[in-house]
Amino acid sequence: MSDDFTLPDDPGTGTGLVSSPVTPGALLEALNDEQRRAVETTDGPLLVLSGAGTGKTRVLTTRLAYILASGRAQPWRMLAVTFTNRAAREMRERLATMIGPASESLWLGTFHAIGVRILRRHAELVGLKSNFTILDTDDQLRLLKQIMEAEGIDTRKSPPPALMGILQRWKDRGLTPDKVRDESSGERHRREALALFAPYQRRLLAVNAADFGDLLLHNLTLFQNHPDVLAQYQDQFRYILVDEYQDTNVSQYLWLRLLTQRHKNLCCVGDDDQSIYSWRGAEVGNILRFEQDFPGAQVIRLESNYRSSASILAAASGLIRHNKGRLGKDLRAAALDDPGDKVSLRGVWDGEEEARVVVEEIEAEQRQGRSLGEMAILVRAGFQTREFEERFIITGVPYRVVGGPRFYERQEIRDAIAYLRVILQPDDDLALVRILNVPKRGLGDSTLQTLHLVARGQGVTLMEAARRLVETDELRPTARVALRALIADFDRWRDQVDRKGARELTALMLDESGYMAMWLADRSPDAPGRIENLKEMVAALEEYENLAGFLEHVSLVMENDQRNDHDRVTVMTLHAAKGLEFDVVFLPGWEEGLFPHQRALEEGGDRALEEERRLAYVGITRARRRVFVSFAANRRVYGRWQTAIQSRFISELPPGAVRQATAPGVPGGRRGFGEYRYDWKASGWREGGGNAPVIDVPARQVVTQASFSPYPVGDRVFHQKFGYGVVRDVDGEKLSILFDKTGMKKVMTRFVQKG
DNA sequence: CTAATATTTATTTTT
DNA sequence: TAAATATTAG
């Protein structure tokens, strides 16, 4: 199919093209019809609706390579933006194999990385210096708290994270303080947030820092106030490509619109059915409105799915059809011969049983030769991972939990980075505050107060205030000496930035500051791990030219280097699973209140329900061969037992694509979800009902604790296996018993007798 | 300034 | 329940 290529393919025409290892025609050969159209439609606005598993990345990379190879643009005139570093890296790697080194001069990266690249060049135009610091969530909150104190807003009545959230949403929408609409009649938090917005932004500029939202927001201000700069980039970026367009927020949308004005060659790839980040400011509307926003836009649907079995696709499609606000798209199985296994549905008594059953299923798959790395448990909320972990530990099945604290979010790493930040950027008040008294130097709250006082009074940064303060006798002598020493330390380290390698300097700093010594002296069990982490960080520094490069990497690419190495079952949230695929996928916790999540329903109504449904869709479409959905009648949440009915999503799965697994019943072999359901009005289990959901019933009600127990707290009891013990807690049928020999255990009532 | 104790409050988290 | 944070006593 290489001969239907009709465009100039002549490197000799003086377009300054790189010699390319492939011809445009060859690139198209590996594509199906719809994919090929998505690649060949190079000019004008284009929306590629790519369903799960339809070869999106292939289209993206091929399109880039095609445009280059056909001589339409030089690499540096192409902009390709993604959301994650992972996506950017993957694209870059694939491109490198397709077109070679030319791929390196492409503007390819995350929205934030590209934003930073542009912003560093023109930082002064928005009031920053080009070496500005990028703050993470932690720093943002600290800063906001400071401002709240200064503005007299009670941090207890108004939780800083909540206010920060409001600020972030404004930024996501491209709003600067002057553009937020009057909130004086709005609710209290919004009023307060607005009052804080301008001071917060001023403070960021004062400490020469930007938060994540600012990276794009400043780009917008820059473009709006400096048309010449905008024109330069508009001109440069002849072709613009956007991945995961359904996840863009307003600010990213505006940014793209500005940049694309001139050439209008904007290609957005996305899937409205996989939009699951509205709570972070993503606007599904962006993708739904694409055709109106960009006149003359073409829309191409990729619906041929190469990943999942027909049964799985049927289940997913049937479910997502219940959503109203969608562009409409149906996945077709590329392999039509075998529909594959139906989605397995299973009700269990409680979370513990669910974990047991799932892990049994995993072991069964493993016995049939399925590798553990091809199986994943996808949960709605992080706390669900615990029960699975416990089960994995008991059974000895290797697993890994994705998520958790990232390397660069660990306390010791953040501390070390704070030191480095102060070295490079003495104005970085936040970093200074973080390590001022770490390790303990006798520079506690009171010293910090005076420091703040002087800084605010004289309008200088904390470091400068510190310099002035040690020349006076305002501080206690001990504090003054300590502070003077610290300033001298930093001056000395800073002096060596250019003379020593990043690695050497950091090691020196960790040593001289006493920070390493602090952990060495620490007797707590996690101290050795922290020392290891610090060493690892120092070792990682080897790869960087200088400290600044390292810090940039840290703030933008804070990745979990969870090596995918071994054969382990993956446990992670549904959100984290987007973009991944496995042979076998387990979807536990399909209960009203957990999934869809109660809070989403309360706060976001129907829109949120549809997003939850999309999340379910994402979950199902991760699977190639098998899907196991399960739900528990009882679950322990925040220490209380709660009862729930099965998720409405279960009844939305098309019956033909689903198989009810045999109801296992409770440990005593009585109730399984298949035969029984809880009747709220009568407060009891009723026969029948099967899969029929009972929507009008309040989900996740707290079950009032059994008013009596044959073994009240304090009773002495005997257990066949564990021997004698004392009842410490009663939870319905479960007793927590402190056994004389084996310690605390949870046991069902019927396994014990009076002792 | 530090350490012990009370209180609070619990989704999802690409950068 | 348990972790994180705020308060208060030493």
Side-chain angles (χ1 to χ4, degrees), chain A residues 81-89 109-116 134-137 140-141 145 154-156 159-162 165 168 171-172 210-216 243-244 246-249 251-252 274-282 378-386 402-406 408-409 437 440-449 476 478-479 482 552-560 572-580 589 593-604 608 611-612 614-615 618-619 636-642 729 731 736 744 746:
Chain A
V81 270
T82 64
F83 273 85
T84 64
N85 292 301
R86 194 180 77 202
R89 196 191 329 114
T110 62
F111 274 101
H112 293 89
I114 305 275
V116 171
I134 301 165
L135 298 189
D136 63 23
T137 329
Q140 291 177 43
L141 278 178
K145 269 190 219 163
D154 192 343
T155 49
R156 273 171 312 178
Q168 287 301 127
K171 291 189 176 191
D172 288 342
D211 65 22
F212 274 109
D214 283 339
L215 298 180
L216 275 143
D243 188 20
E244 305 276 19
Q246 78 281 353
D247 288 333
T248 50
N249 59 35
S251 152
Q252 287 155 341
Q274 293 190 62
S275 163
I276 54 175
Y277 282 104
S278 75
W279 48 276
R280 283 192 68 171
L378 309 182
V379 297
R380 173 67 243 268
F383 74 85
Q384 289 174 269
T385 58
R386 221 192 69 195
V402 175
R406 306 168 184 206
Y408 290 116
E409 275 169 9
N437 201 27
K440 302 237 159 29
R441 311 184 163 88
L443 300 172
D445 279 349
S446 67
T447 312
L448 188 58
Q449 289 303 322
R476 295 195 336 270
T478 46
E552 181 103 334
H553 174 86
V554 166
S555 41
L556 283 178
V557 197
M558 274 215 187
E559 265 191 298
N560 241 354
M572 64 180 147
T573 64
L574 287 157
H575 283 90
K578 199 174 79 164
L580 306 177
L594 177 57
F595 191 34
H597 200 281
Q598 187 76 56
R599 217 159 132 181
L601 298 183
E602 279 163 12
E603 286 169 15
E611 180 149 322
E612 295 283 300
R614 291 194 290 268
L615 202 46
V618 167
R636 199 178 186 133
V637 186
Y638 312 139
R640 294 255 154 251
W641 279 97
Q642 294 189 318
D729 192 25
D731 243 318
S736 297
M744 193 68 100
K746 292 212 174 75

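Convention: sequence-line order gives letters A, B, ...; per-chain numbering from 1. Side chains are part of it too, since the values below use all heavy atoms of this structure and drop only hydrogens, waters and symmetry mates.
- In this structure, CE of A:M572 is placed 11 Å from P of B:dT13, rounded to the nearest angstrom.
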query = Based on Watson-Crick and G-U pairs with both distances under 3.5 Å, what dot-bracket line describes DNA chain B 5' to 3', crossing pairs as [ ] and inter-strand pairs as |?
reply = ||||||||||.....
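- The base of B:dT12 lies close enough to the side chain of A:R380 for a donor and an acceptor atom to sit less than 3.5 Å apart.
- With rounding to whole Å, A:R640 atom CZ is found 17 Å from B:dT9 atom P.
- Between A:S446 and A:A113, the residue whose closest nucleotide on DNA chain B is further toward the 5' end is A:S446.
- Spacing between atom CZ of A:F383 and atom C1' of B:dA10 amounts to 10 Å, rounded to whole angstrom units.
- The side chain of A:R386 sits closest to C:dA2 out of C:dA2, B:dC1, B:dT13.
- In this structure, CZ of A:R599 is placed 10 Å from P of B:dT12, rounded to the nearest angstrom.
- In terms of heavy atoms, A:R280 sits closest to A:D172 at O-OD2, 3.0 Å.
- Put simply, the side chain of A:D247 does not reach to within 4.5 Å of the side chain of A:F111, judged on heavy atoms.
- Residues A:S446 and A:R476 come closest through the heavy atom pair OG-NH1, 4.3 Å.
- Within the 4.0 Å cut-off from OP1 or OP2 of B:dC1, not a single side-chain nitrogen or oxygen of A:N437 is found.
- Salt-bridge annotation for A:K171 and A:D214: present, with a side-chain N of the basic residue lying under 4.0 Å from a carboxylate O of the acidic one.
- Between the NE2 atom of A:H553 and the C1' atom of B:dT15 there is a distance of 13 Å, given to the nearest Å.
- The side chain of A:N85 approaches B:dT15 more closely than any other nucleotide in the set B:dC1, B:dT13, B:dT15.
- Within 4.0 Å (heavy atoms only), A:G442 reaches sugar-phosphate atoms of the nucleic acid but no base atom.
- If you check every strand for non-hydrogen atoms under 4.0 Å, A:G382 touches sugar and phosphate atoms only.
- Counting non-hydrogen atoms under 4.0 angstrom, A:Y277 reaches a base of the nucleic acid.
- An OP1 or OP2 oxygen of B:dT11 is reached within less than 4.0 angstrom by no side-chain nitrogen or oxygen of A:T573.
- Between the C1' atom of C:dA2 and the CZ atom of A:R636 lies a distance of 12 Å, rounded to the nearest Å.
- Distance from the side chain of A:R280 is smallest for B:dT15 among the nucleotides B:dT15, B:dT2, B:dT12.
- The distance between atom CD of A:Q384 and atom P of B:dT12, rounded to the nearest whole Å, is 9 Å.
- Between A:L615 and A:I276 there is a side-chain heavy-atom pair separated by less than 4.5 Å.
- Stacking between A:Y638 and B:dT9 is absent: the ring centroid is not both under 5.5 Å from the six-membered base ring centre and under 30° in plane angle.
- For B:dT15, neither phosphate oxygen OP1 nor OP2 lies less than 4.0 angstrom from any side-chain nitrogen or oxygen of A:T84.
- By the stacking rule of 5.5 Å between ring centres and under 30° between planes, A:H112 does not stack on the base of B:dT15.
- Interatomic distance, CG of A:N437 versus OG1 of A:T447, reported as 7.5 Å (0.5 Å rounding).
- Residue A:A600 is classed as a base contact, given a heavy-atom separation below 4.0 Å to a base.
- If you check every strand for non-hydrogen atoms under 4.0 Å, A:I114 touches nothing.
- Ion pair A:E602/A:R599 not flagged as a salt bridge, since none of the NZ, NE, NH1 or NH2 atoms sits closer than 4.0 Å to an Asp/Glu carboxylate oxygen.
- What separates CZ of A:R441 from P of B:dT2 is a distance of 12 Å, to the nearest Å.
- Judged by distance alone, with hydrogens and angles left aside, the side-chain atoms of A:H112 form no donor-acceptor pair with the main-chain N or O of A:L556 at under 3.5 Å.
- Contacts of A:K440 with the nucleic acid, taken as non-hydrogen atoms under 4.0 Å apart, involve only primed sugar atoms and P, OP1 or OP2.
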